[in-house]
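Down below is the structure, laid out as structure tokens.
Numbers for residues simply follow the sequence, beginning at 1. Only this structure's heavy atoms are used, side chains among them; waters, hydrogens and symmetry mates stay out. Remember, it's a predicted structure, so these values are computed and weren't measured experimentally.
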Amino acid sequence: MTQIRVGIDIGGTFTDIALENRGVLTTCKVLTDSARPEAATMEGIRIAANGSGIELSDIEQVIHGTTLVTNALIERIGAKTAFITTEGFRDVIEMRSENRFEQYDLNLKLPEPLVPRKHRFTVSERIGPNGEVLLALDPEEIERLAARIADGEFESVAIGFLHSYANDAHETMMENALRAAASELSISRSSSVSPQMRELPRFNTVIANAFVKPRIANYIERLVALLRNQGIDCPILMNHSGGGLISAETAAEFPVRLLESGPAGGAVFAARLAEAHGIRRALSLDMGGTTAKICLIENGTPKTANTFEVARTYRFKKGSGMTVSTPVVEMVEIGAGGGSIAAVDTLGRMRVGPRSAGSEPGPACYMRGGVEPTVTDANLLLGRLDPKGFSGGKIPLNKQFSRDTVDHRLRKAANLTVSEAAFAVTETVDENMSNAARAHAIESGRDIEKFTLVAFGGGAPLHACRLAEKLGIDRIVVPPGAGVGSAIGFLRAPFSYESVRGLFQRLQEFDVDEINAALASMESEAQAFVRAGAGDVPTATRLVAHMRYAGQGWEIPVGLTYKKFKRKHRTLILDSFERAYAALFGRTIERLPVEITNWSLTVSTDTPPVGRLEPSLKAIPADVSGHRDLVDAALRKIVAAAEVRRAEMEPGQWIEGPAIIFEDETSTIITSAYRAVIQNDSSILATRKVN
């Protein structure tokens with residue numbers, strides 16, 4: 001059994017490290033090095049190793065999650081990429097779905113395609129939806145195109161032919177021709193990256209994979225080399241967007257699976273905590289330095305999806321980004337982090353995000369050259385942060401720098417005092433997060449007031465109580481290690497791989513032989529990837545069918561028991577679909593045939609069962625170390641908040657709000673409406689006071 005493991009989460013502002021040495025965690029945060037992210041990673045590992053009293057060579061496993069893929073797509077920093085597709089479909093990625101997400105906006109702005117039109121090429125070929133060859137591929141034509149691309153100084157090529165999910169022969173022929181013409185080219189095939197129905201998301205996905213593949217492969221190679229040079233000679237795994245682990249080699253081949261890999265680790269962290277505390281419905285809030293991520297967790301499982309929208313041009317607007325098809329933990333992400341920049345618009349309204357000061361230069365109070373006011377600056381002015389104790393004292397904060405930038409950039413424009421302007425910043429960011437949480441819950445057909453808020457990340461414990469007040473939530477849990485929650489989540493994630501396949505069938509015409517053959521192939525593929533990284537260990541298999549009523553434009557995921565299907569199982573599949581449909585929409589539709597479009601099959605290693613925690617029954621007042629002036633948002637006045645060091649609180653100790661429970665990586669603000677009790681796992685449970 002692996003005894004010493006390291007989880008690494010690289011965010012836009014901080015790089016979080018969690019080192020587990022035989023069950024004992026040592027954590028730290030360092031500022032992200034945007035030019036050389038592996039350098040900050042190495043610095044953090046050294047700090048954690050020293051704190052744990054081990055040598056670097058003692059580390060037996062490294063697990064890594066990163067936002068590099070997401071950032072590369074948002075910032076359009078990638079390889080010079082060519083796209084090859086079926087004749088007549090060159091402009092699919094530019095025509096998109098023709099959906100106007102903002103119906104009356106005459107100046108509607110859509111994301112530009114990653115590949116400009118002059119770099120998109122076509123060949124004469126056609127495969128039908130059942131895999132039949134309607135127009136054969138001409139070997140001479142593809143050889144000429146391969147030679148043209150080889151002469152075009154392209155770094156990467158994406159291949160996406162119509163209906164290649166049903167028959168990949170033509171894509172394979174094109175790939176072979178390209179490798180013969182230019183062996184150094186990075187090549188991605190849609191039939192390998194995303195073999196699912198619908199050409200738009202499939203084309204987007206393979207293009208995104210090709211666009212970031214050379215850069216991510218180079219980064220992974222640099223990271224592995226640096227770790228090896230420092231004596232860390234152990235397996236290096238990556239957390240993927242579905243919340244599981246894959247090998248570094250698989251990640252380099254399919255980097256699109258690393259979209260949202262860091263936040264997915266946070267969802268795993270929150271899910272296991274919720275299961276341990278017997279929380280059936282949890283709302284996880286992961287607020288870091290750059291963004292806030294919100295995810296619904298029910299019965300210990302985060303909500304998942306097979307599509308994800310990246311680089312939205314309009315906040316909260318579905319359809320304004322680029323849709324990719326990859327397994328992902330479903331969450332809403334907004335530009336609401338500690339480094340999010342505040343400004344007053346031309347109408348005198350306070351705006352926060354999505355721009356961020358990041359780690360370079362960072363908020364003004366960091367004294368690293370930042371001149372724009374951020375959420376961190378506002379929190380400092382409102383008394384929520386200790387200028388001498390931030391990040392365990394490693395990053396001293398200058399309150400005067402925050403005061404000056406809020407005065408210069410916000411106070412005059414909004415005609416407020418400095419304190420009022422700082423309060424407006426935090427209220428705006430809290431309202432942004434509450435709106436996002438409400439929208440996410442409503443889209444999933446859930447009543448958010450019945451959920452328990454699980455807050456982690458460096459910023460979430462500062463805002464959790466105020467957010468819960470706005471949402472009408474009565475219970476909040478802040479887990480131990482909250483400041484580096486995603487990194488800890490990596491250490492709890494299973495090794496897993498999700499195989500997807502487009503296979504359209506009407507349920508009335510259920511072809512069990514075709515379905516069983518496809519599922520057997522998918523299981524074999526997934527098992528091979530898992531065994532390559534985890535070895536021959538016990539695994540579990542999860543099956544999901546994406547289903548809809550005939551005539552509908554989109555599907556819902558339906559969990560099924562994995563088995564070799566027989567004709568009689570058609571009724572069980574229909575019942576499962578109707579239950580899932582009714583849970584989402586409150587009703588089913590009679591006399592409409594049901595269709596299956598795509599299948600996904602996940603093989604994952606077994607994870608240790610989560611032990612159920614008993615609630616703490618003690619009732620001991622906490623020892624207060626001092627008081628600090630704090631602006632209570634609900635009361636809209638300054639209150640004297642008790643200060644308590646979290647490490648000195650024992651299970652059963654409680655404290656009434658207003659209070660500040662501080663630790664090295666974050667602080668938890670308990671507002672006047674809540675009472676906090678330390679639980680047996682050192683979690684903070686805050687519950688609303690009964691009037």
Practice task
Answer yes when Glu298 and Arg446 have at least one side-chain N-carboxylate O distance shorter than 4.0 Å, and no when they do not.
Solution key: yes
Practice task
Answer yes when Arg76 and Glu112 have at least one side-chain N-carboxylate O distance shorter than 4.0 Å, and no when they do not.
Solution key: no
Practice task
Using the test ring-ring contact (aromatic ring centres under 6.0 Å, His included), find all partners of Phe83 that sit at least two apart in sequence or belong to another chain.
Solution key: Phe203
Problem - Pairs involving residues 516-552, ordered by first then second residue, that meet ring-ring contact (aromatic ring centres under 6.0 Å, His included) (sequence neighbours left out) - result: Tyr497-Phe529, Tyr549-Phe577, Tyr549-Tyr581
Practice task
Output every pair passing ring-ring contact (aromatic ring centres under 6.0 Å, His included) with a member in residues 587-606, not counting sequence neighbours, ordered by first then second residue.
Solution key: none
By side chain to side chain contact (heavy atoms under 4.5 Å, CB included) - contacts of [X] (at least two apart):
| X | answer |
| --- | --- |
| Ser434 | Glu431, Arg438, Leu467, Lys470, Leu471 |
| Ala210 | Thr81, Ser156, Ala158, Ser188 |
| Thr301 | none |
| Ala276 | Val610, Leu613 |

Would you tell me whether [X] and [Y] have side-chain atoms, one donor and one acceptor, within less than 3.5 Å of each other?
| X | Y | answer |
| --- | --- | --- |
| His240 | Ser496 | yes |
| Arg202 | Ser190 | yes |
| Ser124 | Glu87 | yes |
| Ser191 | Glu171 | yes |

Exercise for the section: Could you pull out all residues at least two apart from Glu330 that satisfy salt bridge (Lys or Arg N to Asp or Glu O under 4.0 Å)? Expected result: Lys303
Exercise for the section: Taking all heavy atoms of Leu258 and all of Asn239, pick out the closest pair and write down the distance. Expected result: CD2-O, 3.6 Å
Fill in the blank from the handout: Heavy-atom closest pair (Ala464 atom, Ala455 atom, distance to 0.1 Å) is CB-CB, 3.6 Å
Practice task
Please list, chain by chain and in numerical order, all residues satisfying side-chain hydrogen bond (donor to acceptor under 3.5 Å, both in side chains) with Thr290, sequence neighbours excluded.
Solution key: Thr13
Handout entry: Arg492: side-chain hydrogen bond (donor to acceptor under 3.5 Å, both in side chains) partners, not counting sequence neighbours
Key = Glu20
Handout entry: Pairwise salt bridge (Lys or Arg N to Asp or Glu O under 4.0 Å) hits with a residue in residues 541-550, at least two apart
Key = Arg548-Glu555, Arg548-Glu595
Which pairs of donor and acceptor atoms, one on a side chain in residues 559-566, lie under 3.5 Å apart (sequence neighbours left out)?
{"residue": "Tyr562", "atom": "OH", "partner": "Glu523", "partner atom": "OE1", "Å": "3.0"}

